[in-house]
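What you see is a predicted model, and the numbers here were worked out from it, not measured in a lab.
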Amino acid sequence: YAVWGARGNEMTCGAQSYLLNLSVAGTFYNGALSHFFYKNIVHGVDDDDYWFSGYELAWHVLATAFPMSMGLVTLATGSANFATIGCWAAPHPFGCANEPDLECERGESAFL
């Protein structure tokens with residue numbers, strides 16, 4: 001890879017890519033907290049009402065299922081390759097999507 005001091009192979013790159021996908025869950029949980037406090041302060045919804053209205057369950061499913069499924073799709077399609085921030089969904093070799101003379105070996109659909 002084109003990063004000085006980088007170590008690893010396709011398996012470690014796939015693992016890093018999956019973990020980076022899971023880190024998106026924190027963003028969803030921040031949204032969930034914001035939504036809960038909005039409903040609690042503005043509309044007076046308490047904890048039980050929030051749970052029974054289905055909001056909390058929906059946020060948990062979204063915060064866990066979306067990052068996990070995106071990580072699995074990235075691994076299954078062979079799109080977990082080196083990108084500018086580390087290993088993420090990107091074509092391999094780096095830059096092949098923009099270079100007409102450089103053929104992509106895997107991850108052609110990384111930007112769909």
Side-chain angles (χ1 to χ4, degrees):
Y1 295 120
V3 175
W4 181 82
R7 300 285 187 267
N9 54 27
E10 287 181 34
M11 295 291 282
T12 57
C13 192
Q16 182 188 30
S17 174
Y18 187 76
L19 291 174
L20 281 173
N21 272 299
L22 289 183
S23 70
V24 173
T27 305
F28 286 114
Y29 278 117
N30 281 330
L33 281 173
S34 297
H35 185 251
F36 170 74
F37 287 125
Y38 167 76
K39 296 293 276 186
N40 183 269
I41 294 168
V42 176
H43 298 288
V45 175
D46 66 355
D47 295 351
D48 292 332
D49 290 340
Y50 193 77
W51 171 257
F52 288 117
S53 65
Y55 288 126
E56 188 170 351
L57 180 61
W59 277 109
H60 283 300
V61 169
L62 180 66
T64 55
F66 180 73
M68 289 173 71
S69 62
M70 290 303 297
L72 290 173
V73 166
T74 301
L75 292 175
T77 60
S79 298
N81 299 305
F82 171 74
T84 56
I85 61 168
C87 292
W88 192 256
H92 178 77
F94 185 70
C96 70
N98 300 326
E99 295 288 331
D101 298 333
L102 186 59
E103 184 178 346
C104 292
E105 296 174 13
R106 60 183 191 275
E108 298 88 4
S109 61
F111 296 117
L112 293 180

Closest approach of Ala63 and Ala25, non-hydrogen atoms and distance? O-CB, 3.1 Å
Within the supplied structure, the quantity of interest is the number of heavy atoms (other residues, nucleotides, ligands) at a distance under 6.0 Å from Tyr55 OH; does it exceed 12? no
Do Phe28 and Met70 sit in the same hydrophobic cluster, where Ile, Leu, Val, Met, Phe, Trp and Tyr count as joined when their side-chain heavy atoms come under 4.5 Å apart? yes
OG1 on Thr74 to CG on Asn81, rounded to 0.5 Å: 10.0 Å
Could you state the interatomic distance from SG (Cys96) to CZ (Arg106), rounded to the nearest 0.5 Å? 10.0 Å
Asn21 (side chain) donor-acceptor with Pro67 (main chain) under 3.5 angstrom: no
Distance (rounded to the nearest 0.5 Å) between Leu62 CG and Leu57 CG: 11.0 Å
Parallel, tilted or perpendicular: which one describes the rings of Tyr38 and His43, with boundaries at 30° and 60°? perpendicular
When you look at Thr64 and Tyr29, which way does the side chain to side chain contact (heavy atoms under 4.5 Å, CB included) test go after all the steps? CA-CA 9 Å; Thr64 55; Tyr29 278 117; 3.8 Å; yes
Hydrophobic clusters here meaning ILVMFWY residues chained together by side-chain heavy-atom distances under 4.5 Å, can you tell me if Val24 and Leu33 are in one? yes
Cys87 SG to Leu20 CG distance, which is reported to the nearest 0.5 Å: 8.0 Å
Heavy-atom side-chain contact between Leu22 and Met68 under 4.5 Å: yes
Where do Cys104 and Ala97 come nearest, in terms of heavy atoms and distance? SG-N, 3.8 Å
Looking at every non-hydrogen atom in both residues, tell me the closest pair between Phe82 and Cys13 and how far apart they are. N-SG, 3.9 Å
Going from CG on Asp47 to CZ on Phe52, what distance comes out if it is rounded to the nearest 0.5 angstrom? 11.0 Å
So Tyr50 and Phe36, would you call those rings parallel, tilted or perpendicular, with 30° and 60° as cut-offs? perpendicular
Same cluster (ILVMFWY, side-chain, under 4.5 Å), Val45 and Trp59: yes
Please say yes or no: joined through hydrophobic side-chain contacts below 4.5 Å, possibly via intermediate residues, are Leu19 and Leu72 part of one cluster? yes
Let me confirm one number: the NE2-CH2 distance from His60 to Trp51, rounded to the nearest 0.5 Å. 6.5 Å
In sequence, state the C-alpha distance, the side-chain angles, and the governing distance for Glu10 and His92, and then conclude on side chain to side chain contact (heavy atoms under 4.5 Å, CB included). CA-CA 11 Å; Glu10 287 181 34; His92 178 77; over 6 Å; no
